[in-house]
Amino acid sequence: MTQGLLKMPSLREAEPKMERWPDMDPKDLASAQPVQRGINVFDSPDGKLSVGIWACTPMVTTMAPYSVDEFMLVLKGSTTILHEDGTRANFRAGEAFVIAKGTHCVWEQSEDIVKYYVILADPEAAPAPDAARGHAIRLSPASAKMSALTHDDPNFFEGSPPEQAARKDFVNVSGRMTAGLWTTAPMRRRARKAAATELMCILEGTGTLSDGKAKLDFKAGESLLVTQGAPNALACTAPVKKFYCTYEAANAG
């Protein structure tokens with residue numbers, strides 16, 4: 001289990017290192033058995049969250065109901081989600097979406113796919129209510145319906161506070177897992193302990209994330225993971241836009 005700051009493996013780095021994973025349960029398949037491979041990068045200390053990269057050959061599987069809350073960013077290929085009401089949503093490389101626990105859907109995949117995943121598996125958590133669980137939730141990179149962020153602590157930044165905004169596209173039933181879009185003007189944020197584990201998928205901009213020992217430079221197209229409680233400082237040398245998925249564990253240190 002890796003904790004702290006890390007850069008997620010790129011598609012090129014991950015593909016030769018991914019291990020074969022167990023076969024799926026045949027009763028959940030409406031196709032021949034696919035081959036799935038992956039790398040699990042992080043498991044939270046409470047055993048509920050896992051983050052990694054997953055690859056799979058074509059398949060059709062019925063997920064009714066979906067047993068976890070899952071954020072996904074497609075790196076290669078595509079998939080189509082068939083909803084219970086008959087509508088379809090297609091997700092291609094570069095697109096992010098969430099399937100909430102309790103969703104009834106069919107996963108139709110006609111080509112190989114590779115994705116990042118953030119899975120919250122909590123057997124005791126309730127599924128999403130009927131009104132919220134009918135469809136896969138697409139995260140849009142468009143800066144619409146975003147709320148400006150403010151910070152009361154004058155020591156939060158080095159220099160003047162930058163213009164920042166965020167949007168929550170998904171919040172799970174417990175309120176501990178969220179996903180959405182975040183933007184900032186260039187800035188330098190002082191070191192702090194991460195309030196939650198966060199996968200950051202950089203859409204635009206450049207910057208550096210550091211913990212006082214190591215520095216991770218990042219640019220558009222890369223993804224970073226910060227685990228809950230890890231000290232980190234952030235410097236953005238250009239305006240940054242990112243998809244984010246966070247999980248705040250209870251009683252974490």
Side-chain angles (χ1 to χ4, degrees), residues 6-14 41 51-55 69-81 83 87-100 103 105 107 109 111 113-120 128 132-150 162-172 177-187 189 194 196-209 216-226 232 234-247:
L6 65 102
K7 188 173 289 187
M8 292 291 289
S10 68
L11 181 62
R12 178 179 57 82
E13 293 167 337
V41 173
V51 182
I53 185 168
W54 176 83
D69 290 304
E70 182 174 4
F71 166 90
M72 294 164 259
L73 175 73
V74 182
L75 301 177
K76 176 183 177 182
S78 64
T79 187
T80 297
I81 306 299
H83 304 121
T87 59
R88 294 172 179 268
N90 184 254
F91 299 98
R92 300 179 176 83
E95 297 182 322
F97 64 106
V98 173
I99 299 181
T103 301
C105 59
W107 179 289
Q109 181 189 323
E111 60 181 329
I113 194 171
V114 184
K115 70 177 185 181
Y116 289 144
Y117 62 82
V118 180
I119 295 174
L120 179 59
R133 74 182 191 201
H135 295 80
I137 301 165
R138 185 186 300 273
L139 275 64
S140 170
S143 301
K145 299 181 179 179
M146 299 185 72
S147 299
L149 299 178
T150 59
E163 292 187 2
Q164 296 183 317
R167 185 183 69 227
K168 292 181 180 180
D169 294 307
F170 168 76
V171 181
N172 82 327
M177 181 177 180
T178 63
L181 187 71
W182 179 90
T183 63
T184 185
M187 58 87 173
R189 176 180 57 72
T197 294
E198 179 179 0
L199 178 67
M200 310 174 183
C201 303
I202 308 301
L203 303 175
E204 298 176 8
T206 57
T208 301
L209 194 65
L216 294 179
D217 295 327
F218 62 83
K219 61 182 182 298
E222 297 181 331
S223 294
L224 309 167
L225 183 69
V226 180
N232 67 96
L234 177 63
C236 297
T237 53
V240 168
K241 177 185 289 188
K242 69 180 181 182
F243 288 138
Y244 69 86
C245 180
T246 66
Y247 168 63

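Side chains included, hydrogens not; waters and symmetry mates left out as well; all remaining heavy atoms used.
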* **Shortest non-hydrogen contact between Y244 and L181, atoms and distance** => CE2-N, 3.3 Å
* **Residue list, side-chain contact (heavy atoms from CB on, under 4.5 Å) with E163, at least two apart or on another chain** => none
* To do: Report the residues that fulfil side-chain contact (heavy atoms from CB on, under 4.5 Å) with D217, sequence neighbours left out, ordered by chain and then residue number.
  => T208
* May I ask you to say whether E70 pairs ionically with K115, meaning some side-chain N is under 4.0 Å from a carboxylate O? => yes
* Over 12 non-hydrogen atoms of neighbours within 6.0 angstrom of NZ in K219 -> no
* Please list, chain by chain and in numerical order, all residues satisfying side chain to side chain donor-acceptor pair (under 3.5 Å) with Q164, sequence neighbours excluded. => H151, T184
* side-chain contact (heavy atoms from CB on, under 4.5 Å) evaluation trace for I119 with W54 -> CA-CA 12 Å; I119 295 174; W54 176 83; over 6 Å; no
* **Test log, rule side-chain hydrogen bond (donor to acceptor under 3.5 Å, both in side chains), inputs S78 and E111** => CA-CA 7 Å; S78 64; E111 60 181 329; 2.5 Å; yes
* Structure fact -> Taken in chain and number order and not counting sequence neighbours, the residues that satisfy side-chain contact (heavy atoms from CB on, under 4.5 Å) with P141 are L203, F243
* Structure fact -> With sequence neighbours left out, the residues meeting salt bridge (charged side-chain N to carboxylate O under 4.0 Å, His left out) with K145 are none
* Do R92 and N90 have a side chain donor and acceptor closer than 3.5 Å? -> yes
* To do: May I have the step-by-step check of side-chain contact (heavy atoms from CB on, under 4.5 Å) for D69 and V98, ending in yes or no?
  => CA-CA 7 Å; D69 290 304; V98 173; 5.7 Å; no
* Asked: So do the side chains of F71 and C201 get within less than 4.5 Å of each other, counting heavy atoms only?
  -> yes
* Which residues share a salt bridge (charged side-chain N to carboxylate O under 4.0 Å, His left out) with K168, sequence neighbours left out -> none
* Asked: Looking only at heavy atoms, what is the nearest atom pair of F170 and A100, with distance?
  -> CE1-CB, 3.8 Å
* **P9 to I53 - nearest heavy-atom pair and separation** => O-CD1, 4.3 Å
* **Under the side chain to side chain donor-acceptor pair (under 3.5 Å) test, residues paired with Y247 that sit two or more places apart** => D46
* What residues form a salt bridge (charged side-chain N to carboxylate O under 4.0 Å, His left out) with R138, not counting sequence neighbours? -> E95
* Backbone N or O of N232 within a donor-acceptor pair of the R189 side chain at under 3.5 Å? -> yes
* Could you pull out all residues at least two apart from T183 that satisfy side-chain contact (heavy atoms from CB on, under 4.5 Å)? => S143, M146, A165, K241
* Indicate yes or no: at least one non-hydrogen side-chain atom of E204 is less than 4.5 angstrom from one of P239. => no
* Asked: What pair of heavy atoms forms the shortest contact from T206 to V240, and how long is it?
  -> O-CG2, 3.7 Å
* Structure fact -> Residue set satisfying salt bridge (charged side-chain N to carboxylate O under 4.0 Å, His left out) with R167, at least two apart, ordered chain then number -> D169
* Structure fact -> Closest heavy-atom pair, L11 versus V114, reported as atoms and distance to 0.1 Å, is CD1-CG1, 3.6 Å
* Structure fact -> Closest non-hydrogen contact found for G77 with V74 is O-CG1, 3.6 Å
* To do: Just jot down the ring-ring contact (aromatic ring centres under 6.0 Å, His included) partners of F218, sequence neighbours excluded, or say none.
  => none
* Structure fact -> With sequence neighbours left out, the residues meeting side chain to side chain donor-acceptor pair (under 3.5 Å) with T197 are none
* Side-chain touch F97/T79, heavy atoms, less than 4.5 angstrom -> yes
* Can you check whether M72 reaches I99 side chain to side chain, under 4.5 Å on heavy atoms? -> yes
* Asked: Is the closest side-chain heavy-atom distance between W107 and I81 below 4.5 Å?
  -> yes
